[in-house]
Amino acid sequence: MKYLSTRGHAARPEFCDILLGGLAPDGGLYLPESYPQISRAELDAWRSLSYADLAFAILSKFITDIPAADLKTICDRTYTAEVYRFARPGDDAAEITPVHWLEAGKFGLLELSNGPTLAFKDMAMQLLGNLFEYVLERRGETINILGATSGDTGSAAEYAMRGKHAVRVFMLSPHGKMSAFQRAQMYSLQDENIHNIAVTGMFDDAQDIVKAVSNDAAFKAKYKIGAVNSINWARVAAQIVYYFKGYFAATKSNDEQVAFCVPSGNFGNICAGHIARQMGLPVARLILATNENDVLDEFFRTGVYRPRKAAETHVTSSPSMDISKASNFERFVFDLVGRNPERVAELWKAVDAGGAFDLSASADFARIGDFAFVSGGSSHAGRVATIRKVFEQYGTMIDTHTADGVKVAWDCAGSVPAGVPLLVLETALPAKFAETIREALGREPERPAELEGIEKLPQRVELMAPDVEAVKRFIAERV
Ligand SMILES: *Cc1c(COP(=O)(O)O)cnc(C)c1O
């Protein structure tokens with residue numbers, strides 16, 4: 001499988017060439033030259049596979065430059081019930097992403113958050129950790145991952161990379177801005193290759209430092225600085241698998257259809273759903289849910305894509321969806337405009353200059369119905385009411401992001417054909433967002449027994465002023 005850039009750069013790299021990199025040289029995002037088409041016979045054969053075997057079957061279509069036996073081993077080591085061990089009592093952890101039905105056969109949660117950091121980022125990041133280790137070892141190289149996090153991504157990256165020989169992680173977080181649980185999750189890691197840096201500032205200050213260090217080409221090359229951000233193609237590819245798994249769990253035969261509702265931020269998760277559908281998975285609807293940061297909902301309703309300024313970005317109680325522009329959205333628009341890279345380059349010229357684009361009058365947007373998307377938004381009041389209603393009606397506790405999904409799924413239920421099961425992707429467990437759970441339910445969230453008292457473990461973190469040079473020195477002294 002060869003990969004192309006959404007903006008038309010001539011190179012056609014393979015999977016391992018783009019695994020460790022970020023954007024294409026022209027600023028575009030990588031996508032497969034074409035989406036593998038899944039035959040009915042394949043779909044029938046896949047229905048009974050374990051998660052690891054299904055992951056291998058799907059990923060081997062996108063990863064053709066790793067020997068099959070090695071890729072199989074990587075999938076087997078990644079998708080185990082020991083790693084994804086936090087399924088609700090009664091749900092089968094061996095399924096890796098079990099469905100928790102709220103209404104049997106009709107309406108359920110696809111549990112994606114049973115991995116080590118209790119958020120769906122683990123589904124892809126654990127695979128990425130094992131792929132990095134494999135490719136770096138084969139090449140005799142090392143990498144130093146530098147990132148900034150407001151919570152979920154940083155911890156998922158650290159738990160995926162901990163103890164890996166060829167990888168070090170330097171993760172910046174805003175001092176005092178994460179929950180006690182999130183801090184404990186990250187800072188209690190004692191692995192030598194994991195370095196936590198708490199910056200006395202906001203998330204944006206941490207992000208700016210990462211950008212400044214990455215823009216220093218000499219430093220970046222000398223210290224082999226890499227990233228694991230949400231535009232990484234391997235992360236999107238790994239996420240395709242659970243749409244198939246969820247489909248098989250919710251249907252009895254491959255003549256049936258399923259609808260998915262996805263709490264969205266950077267459009268990575270739902271982009272994988274779009275690709276699964278393009279491969280031939282019978283998906284009736286992809287329902288995109290946003291919180292108060294509604295740039296994507298606005299696009300699907302109006303055809304206008306207008307990324308917000310940082311100052312226009314709301315700080316909400318579903319913080320992992322607080323984005324001002326959706327970094328994976330360019331992948332979908334590439335398909336929407338008929339895979340025309342000149343058109344994408346032109347549209348993103350406006351976006352990259354801080355502007356917007358409007359497709360409402362275009363023939364492309366007239367075809368948007370072919371892609372099965374609908375969208376809606378939620379708010380703090382909406383998610384609190386939803387957490388309460390789901391708990392009262394079904395006895396199930398859900399987190400704030402999943403609550404945005406459930407709220408929008410209810411709002412959009414009329415767009416799902418009768419008899420088609422609807423799965424909301426559960427993107428985090430409630431233990432991560434205790435404050436809003438207390439507000440909604442007047443009680444503490446459920447927490448897996450293994451994580452009781454994690455706030456009391458010794459923490460390993462370096463406190464620093466938001467100073468680019470100090471961060472560079474810190475890295476240079478440790479590699
Ligand atoms: C990252 C994240 C999201 C948003 O996912 P995207 O792939 O960025 O759209 C939603 N919920 C939670 C809990 C997350 O961590």
Side-chain angles (χ1 to χ4, degrees), residues 29 86 109-126 128 147-160 178-179 181-182 185-186 203 228-240 242-243 260-276 286-297 299-300 307 313 316-332 373 375 377-378 383 386-387 398-409 424-434 436-437 445:
L29 273 61
F86 298 121
L109 305 175
L110 182 58
E111 294 185 32
L112 305 180
S113 304
N114 299 338
T117 74
L118 315 187
F120 91 99
K121 302 282 193 297
D122 290 328
M123 291 307 304
M125 209 68 93
Q126 288 287 322
L128 206 63
T149 186
S150 54
D152 292 340
T153 307
S155 56
E158 291 187 353
Y159 279 75
M178 297 191 299
S179 72
F181 180 82
Q182 286 177 314
Q185 257 195 327
M186 288 181 60
F203 169 70
V228 288
N229 43 32
S230 79
I231 55 146
N232 184 291
W233 162 253
R235 285 180 61 182
V236 177
Q239 291 167 357
I240 296 170
Y242 52 68
Y243 285 89
F260 294 100
C261 179
V262 187
S264 293
N266 273 318
F267 204 82
N269 195 350
I270 202 164
C271 187
H274 159 69
I275 293 171
L286 287 165
I287 303 174
L288 181 146
T290 68
N291 63 14
E292 291 87 333
N293 297 292
D294 60 352
V295 16
L296 288 167
D297 180 33
F299 174 80
F300 285 99
T313 308
T316 76
S317 47
S318 45
S320 300
M321 293 158 68
D322 292 349
I323 57 98
S324 47
K325 57 172 169 243
S327 51
N328 279 292
F329 187 51
E330 184 171 336
R331 290 192 159 112
F332 171 71
F373 275 83
S375 71
S378 183
R383 78 185 63 95
T386 303
I387 290 169
I398 58 171
D399 101 292
T400 51
H401 306 77
T402 308
D404 287 334
V406 171
K407 152 88 169 58
V408 172
V424 176
L425 275 52
E426 180 171 56
T427 56
L429 292 188
K432 289 196 101 161
F433 302 97
T436 310
I437 297 297

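Here, residue 1 is the first one in the sequence, and each next residue gets the next number. Whatever order the structure lists ligands and atoms in, that order sets their numbers, starting from 1. All heavy atoms count here, side chains included; hydrogens, waters and symmetry mates do not.
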Next on the checklist: Would the distance check show the side chain of K432 and the main-chain N or O of T117 forming a donor-acceptor pair, the cut-off being under 3.5 Å?
Outcome noted: yes

Checklist entry - How about T436 and R383: does a side-chain donor come under 3.5 Å of a side-chain acceptor? => result no

Item to check | side-chain hydrogen bond (donor to acceptor under 3.5 Å, both in side chains) evaluation trace for D297 with T290 | outcome: CA-CA 7 Å; D297 180 33; T290 68; 4.7 Å; no

Checklist entry - Between K325 and E330, is there a side-chain N and carboxylate O pair less than 4.0 Å apart? => result no

Would you mind listing each N/O atom of ligand 1 next to any protein N/O under 3.5 Å, plus the distance?
residue  : atom   : partner : partner atom : Å
ligand 1 : 7 (O)  : G268    : N            : 3.2
ligand 1 : 7 (O)  : N269    : N            : 2.9
ligand 1 : 8 (O)  : N266    : N            : 2.7
ligand 1 : 9 (O)  : G265    : N            : 2.7
ligand 1 : 9 (O)  : N266    : N            : 3.3
ligand 1 : 9 (O)  : F267    : N            : 3.1
ligand 1 : 11 (N) : T427    : OG1          : 2.9
ligand 1 : 15 (O) : K121    : NZ           : 2.6
ligand 1 : 15 (O) : D152    : OD2          : 2.7

Next on the checklist: Could you check whether T313 and N293, counting side-chain N and O atoms only, form a donor-acceptor pair closer than 3.5 Å?
Outcome noted: no

Item to check | Exercise: do S230 and S327 side chains pair donor with acceptor under 3.5 Å | outcome: yes

